[in-house]
Amino acid sequence: MRSNEQKMARMEDILNLPVQDPPCAEFSAAHINWVKVEGGRQGGDDIALIPFSRVDDFVKGESANSECPARFRIESRRKRSEGSVSKPRVDGYLEYTLYWCSYGPEDYRDCESDIGDNTNHKPTSGKGSRPGRRHMMRGCLCHFTVKRLYTRPLLALIIYNQRNHVDKTGAPCHGILDRDAVGTRAMYAPRISEELRQKVMSMLYVGISLDDIIQHQTMEVERQGGPSSRDDFLTRNDVRNMERVIRQSMYQLHADDTQSIRMWVQRHQKNVFFFQETSAADFVLGIQTEWQVQQMIRFGHNSSVASHSSFGLNKLRYPLCTLLVFDTYQNAIPVAWIIATSSDGHHIRMWMGPLVERIRAKEPGWRPHAFLMDDPTFEIPVIREAFRCRIMLCLWYIRRAWIRNLLKYCCNFEVQREMIKHLGRILYSARNDPCTLDTVVEFMEIFIDQSTFMDNFKDHWLSKIEIWANAMRTFPVANLELHAAIESYHLRLKSKLLDEPHTESWLRIDWLVHALTSEFHALYWFDIYSEETGYFKIMREGLTNSWYRALHIPDVDVIIDDQELRFVKVVSQSNRGLAYTIWNPGSEFSLCDCTWSSLGNLCKHVIKVGIFCRNRQLARPSFAAQIYHQTLLSLLQNPPDDPIVLDHAILHATRLQQDIKSLEDLSNNGLLQPLPPLQTAGHGFDHLMSAQHIS
């Protein structure tokens, strides 16, 4: 008997077994203490209890057996509804699933050479022939059963009927222990991994040819010194099969859109983190692939997570909400999509908790340092409870909407730049002026002759101004770098989903789900892969955003001619004889006369000037910097009692003091204008340090 097995008298005692939940992400039979069953239908089998939510982790771990790599397919499955059994057995099930190694149970090794003479041969399992699998069948008897217990639905009973990968003679039939399999694909897992499948499918979606995919994979195998897994035996037939899957995929699973979504959810459980129907026609659907989980863990930990809400509000049947993280180049990466029939922001209480729980189930220590919201109607307590981090307000949406409407309804550039300055003043004043509407009324009186813009402003924004103003008074504001990243994602989403060829599909939710999880998902996977490996860079769409492009503009190309700093010029990087003018420099509401900015977008020239002015303190600090400075000074003057919060405050205070010292050194060397002494900050810092000493 194996050392990790215990002896048990009766099957009726299984509920007394300990529930085993190994801490690793994926685990196998080697991580579990098994109990041998005596008597009954499972007599002689090994059994164990694990959480039902971790069955997939166990199947993946078993498939990764180093001696016998395998893939366990579902041989049979049965389900019962709750309440269907009046007196359930102790091992009665709600769900019953039989997993069998894909190298069995049939054995075609002896008849591979004369398949044509064995057309009447029937497999021993009684399942009939398995087209396309004959070359894989080597008689493996390894299989196990998973029962979701009727009386304990959160638990799964694993019954391992045969733990060894052997044939009916008891000899190894695949893997490195099988001498006949050495040098063949039978040494490895029977099918390509999900990672390679994701890779090939993404390459096909972005337009890479079959020949280039095979050539690329061959180069990868040669670079690593030869094959080491089933993935290294990728064939043209494998790629053609995936091409066929793409061609034959269809989004409309049912004529009724809601029923079609239900069917999609049933078929793609692994990509759904939340689905709830609140009525016959209302639902909330949360989508997140395994790759998106990995990116959220990778780029969201100790970094920012942002919301991009209400996309397609005027064109799609229901708006789309996206959660974003940011890579090292400040490019936004979608890590979750949420579709809800309600657009008021209150649906986040339903899906936000399950999403974060899913991430922390994979990485318990995962925690972002900030959540950026672009909708002030979001329920703040829900966000705080789920993410346990600070909340920041992101102005990208309101900035973009105001500027685009201004460019659309006002044709005079001089009037445009004055109006955008006053619009910015409305939000700037919200921090110190309890009555923001006075500033709004003043703005509307000054530009009363711009009737078309004012009519649109009254209809769409007048009722929302106070909501945004209250949020401005409450939360710190994200900077322009993050504005640029979110806007870049918005423009890419718009170009792929809201283009003319898809007009007839906009009102179908199943089309939206299919488009997101296929081609659009593949674009971001391919961008990350190309950036990290250097392959296929010519195929990329230019993911870099305005902030990243602004970093490549040298400081000498920023020209300050106006002493009052009403405008700044930036020399064009492609045409050295051309210079663009940026009005209201250093503000979130700057306006540039370049083509990209004239479309209502945040251009690299505006960001470059903002960075330039901020580093040299040439202009009024951005609203984000003002609020951060005010909040920090308030914290310094009133140190918290909580020692954890106090330590965090001291850390930020120390960094601020170092920044101030660096700026003073630059000023003393003649590189900056003289800085006024920040006595408040210094006294506050001393007070805070004293508080720590006392505590």
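Residues: numbered from 1 along the sequence shown. Since the structure is predicted, the reported quantities are computational estimates derived from the model, not experimental observations.
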Are the side chain of [X] and the backbone of [Y] linked by a donor-acceptor contact shorter than 3.5 Å?
{"X": "Gln295", "Y": "Val325", "value": "no"}
{"X": "Ser260", "Y": "Leu253", "value": "yes"}
{"X": "Asp231", "Y": "Ser193", "value": "yes"}
{"X": "Arg148", "Y": "Pro153", "value": "yes"}
{"X": "Gln162", "Y": "Asn164", "value": "yes"}
{"X": "His301", "Y": "Arg367", "value": "yes"}
{"X": "Arg236", "Y": "Ile214", "value": "no"}
{"X": "Trp506", "Y": "Leu497", "value": "yes"}
{"X": "Asp257", "Y": "Asp510", "value": "yes"}

Flag the pair [X] / [Y] as yes when at least one side-chain heavy-atom distance between them is below 4.5 Å, and no otherwise.
{"X": "His165", "Y": "Pro172", "result": "no"}
{"X": "Ile192", "Y": "Met242", "result": "yes"}
{"X": "Phe274", "Y": "Arg358", "result": "no"}
{"X": "Tyr529", "Y": "Ser202", "result": "no"}
{"X": "Thr517", "Y": "Trp264", "result": "yes"}
{"X": "Thr145", "Y": "Tyr96", "result": "yes"}
{"X": "Val335", "Y": "Phe299", "result": "no"}
{"X": "His514", "Y": "Arg508", "result": "no"}

* Asked: Between Asp107 and Arg138, is there a salt bridge with N-O shorter than 4.0 Å?
  ->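 Asp107 and Arg138: not salt-bridged.
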* Asked: Would you call the rings of Phe520 and Trp337 parallel, tilted or perpendicular, where under 30° means parallel and over 60° means perpendicular?
  ->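 Phe520 and Trp337: tilted rings.
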* Aromatic rings Tyr160 and Phe58: how do their planes relate, parallel, tilted or perpendicular, breaks at 30° and 60°? ->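 The arrangement is perpendicular - the two ring planes meet at more than 60°.
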Gap between atom [atom2] of [Y] and atom [atom1] of [X] - 0.5 Å precision:
{"X": "Tyr205", "Y": "Phe526", "atom1": "OH", "atom2": "CZ", "result": "15.5 Å"}
{"X": "Leu49", "Y": "Leu17", "atom1": "CG", "atom2": "CG", "result": "5.0 Å"}
{"X": "Leu355", "Y": "Phe273", "atom1": "CG", "atom2": "CZ", "result": "4.5 Å"}
{"X": "Met350", "Y": "Phe275", "atom1": "CE", "atom2": "CZ", "result": "10.0 Å"}
{"X": "Leu285", "Y": "Ile339", "atom1": "CG", "atom2": "CD1", "result": "5.5 Å"}
{"X": "Ile74", "Y": "Leu98", "atom1": "CD1", "atom2": "CG", "result": "9.5 Å"}

* **Name of the residue among Lys199, Arg71, Lys60, Lys270 meeting salt bridge (Lys or Arg N to Asp or Glu O under 4.0 Å) with Glu194** =>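 Running salt bridge (Lys or Arg N to Asp or Glu O under 4.0 Å) over Lys199, Arg71, Lys60, Lys270 with Glu194 returns exactly one hit, Arg71.
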* Asked: Tyr93 ring centre to Arg80 NZ or CZ under 6.0 Å, with the angle to the axis within 45°?
  ->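 Yes, cation above the ring, under 6.0 Å and within 45°.
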Contact summary for [X] and [Y], nearest pair of heavy atoms:
{"X": "Cys68", "Y": "Asn65", "answer": "N-OD1, 3.2 Å"}
{"X": "Gly175", "Y": "Pro69", "answer": "CA-CD, 4.4 Å"}
{"X": "Ala386", "Y": "Met352", "answer": "CB-CG, 3.7 Å"}
{"X": "Gly104", "Y": "Met137", "answer": "O-SD, 3.8 Å"}
{"X": "Trp366", "Y": "Arg360", "answer": "O-NE, 3.1 Å"}
{"X": "Gln252", "Y": "Ala255", "answer": "NE2-CA, 3.9 Å"}

Under 3.5 Å, is there a donor-acceptor pair linking the side chains of [X] and [Y]?
{"X": "Asp238", "Y": "Thr235", "answer": "yes"}
{"X": "Arg240", "Y": "Asn237", "answer": "no"}
{"X": "His521", "Y": "Trp525", "answer": "no"}

Would you say [X] has more than 12 foreign heavy atoms packed within less than 6.0 Å of its [atom1]?
{"X": "Glu532", "atom1": "CD", "result": "yes"}
{"X": "Glu82", "atom1": "CD", "result": "no"}
{"X": "Glu385", "atom1": "CD", "result": "no"}
{"X": "Arg317", "atom1": "CZ", "result": "yes"}

* side chain to side chain contact (heavy atoms under 4.5 Å, CB included) between Arg163 and Trp34: does it pass, once the steps are laid out? -> CA-CA 11 Å; Arg163 286 172 56 183; Trp34 296 92; 3.4 Å; yes
* **Worked verdict on Gln288 versus Ile359 for side chain to side chain contact (heavy atoms under 4.5 Å, CB included)** => CA-CA 10 Å; Gln288 186 181 52; Ile359 298 300; 3.8 Å; yes
* **Working for side chain to side chain contact (heavy atoms under 4.5 Å, CB included), residues Val146 and Val59** => CA-CA 10 Å; Val146 175; Val59 175; 5.7 Å; no
* Starting from the C-alpha separation in whole Å, work towards a yes-or-no answer on side chain to side chain contact (heavy atoms under 4.5 Å, CB included) for Ile509 and Phe283. => CA-CA 11 Å; Ile509 300 301; Phe283 63 86; 4.1 Å; yes
* Report yes if the distance between the aromatic ring centroids of Tyr489 and His308 is under 6.0 Å, otherwise no. =>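 Centroid distance Tyr489-His308: below 6.0 Å, so yes.
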